[in-house]
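See structure below.
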Amino acid sequence: GQQVMQIPQYQHVQEGEDFTTYCNSSTTLSNIQWYKQRPGGHPVFLIQLVKSGEVKKQKRLTFQFGEAKKNSSLHITATQTTDVGTYFCAGRASKIIFGSGTRLSIRP
Amino acid sequence: DTEVTQTPKHLVMGMTNKKSLKCEQHMGHRAMYWYKQKAKKPPELMFVYSYEKLSINESVPSRFSPECPNSSLLNLHLHALQPEDSALYLCASSRLGNTEAFFGQGTRLTVV
């Protein structure tokens, strides 16, 4: 069945360092979405990627969708304490499945 | 209004109780969802409603019974739950098609 894997599970960085999380699907996706969930909060939509090879930027965040539409990445440049939370990808093939998430913590 | 409102925020229930979770949105979204999220895990899809009709049931046990009374409301009726059903239950809504989902704050359910 459709599976979406996400690595790493945890990432602890010094404030100002960069951060990247990777998402890999067992099947070709029609699109992929990224969500952020703060501790004790609910998932909040960040972005959706649809096209093969697509790259989108939101300030310090850069999102990529692989050429084969089976993988994606989120890169944060110069992390800030407000970036703390769990980042989930959610891939849509026959249905939408959330990746396992990457929990980002930051040392001030 | 870009909010999805869920009530109650917290619920403690016994295994013989019957309770309901409620979700409301006024964004005109015609797709609504129930997710279950255990601690440190991703949200797991339970049910999807499209145009007030159940379109997806992810093999959820019958002790969970969804209901969509109208295009703005979504309920989840709970009966004879087990302690392992304790989790954060999230409601979400979206426009139909492959679009972003707006999540509510969730109901944190504890079954004792």
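Note that the structure is predicted; figures quoted are calculated from it, not measured. Lettering of chains follows the sequences in order, A, B, ..., and the numbering in each one begins at 1. Worth knowing before you read on, the calculation uses all heavy atoms, side chains too, and leaves out hydrogens, waters and symmetry mates.
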Step-by-step side-chain contact (heavy atoms from CB on, under 4.5 Å) determination, B:Gln37 to A:His42: CA-CA 10 Å; B:Gln37 186 176 28; A:His42 60 281; over 6 Å; no

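Residue A:Gln6 does not touch chain B at all, counting heavy-atom pairs closer than 4.5 Å.
More than 12 heavy-atom neighbours from other residues, nucleotides or ligands sit within 6.0 angstrom of NZ on A:Lys56. Around NZ of B:Lys38, the count of heavy atoms belonging to other residues, nucleotides or ligands within 6.0 Å exceeds 12. Annotation: B:Arg30, atom CZ; neighbour count of heavy atoms from other residues, nucleotides and ligands within 6.0 Å is above 12.
Remark: the backbone N or O of A:Val44 is not paired with any side-chain donor or acceptor of B:Glu100 at under 3.5 angstrom.
B:Leu54 is not connected to B:Tyr33 by any chain of hydrophobic side-chain contacts under 4.5 Å among Ile, Leu, Val, Met, Phe, Trp and Tyr, and they are in different clusters. Cluster annotation: A:Ile106 and A:Leu61 are assigned to the same hydrophobic cluster (Ile/Leu/Val/Met/Phe/Trp/Tyr, side-chain heavy-atom contacts under 4.5 Å, transitive). Hydrophobic clustering keeps A:Val4 apart from A:Ile32 (ILVMFWY residues linked when any side-chain heavy atoms are closer than 4.5 Å, directly or through intermediates). Criterion: ILVMFWY side-chain heavy atoms under 4.5 Å apart, direct or through other members. Under it, B:Leu76 and B:Leu109 are part of a common hydrophobic cluster. A single hydrophobic cluster is seen to contain both B:Leu45 and B:Leu90, as judged by linkage of ILVMFWY side chains at heavy-atom distances under 4.5 Å, directly or through other members.
Nearest heavy atoms, A:Gln37 versus B:Leu88: NE2-CD2, 4.4 Å.
For residues 80-100 of chain A, heavy-atom neighbours of chain B at less than 4.5 Å comprise A:Phe88, A:Arg92, A:Lys95, A:Ile96, A:Phe98, A:Gly99, A:Ser100, sorted by residue number.
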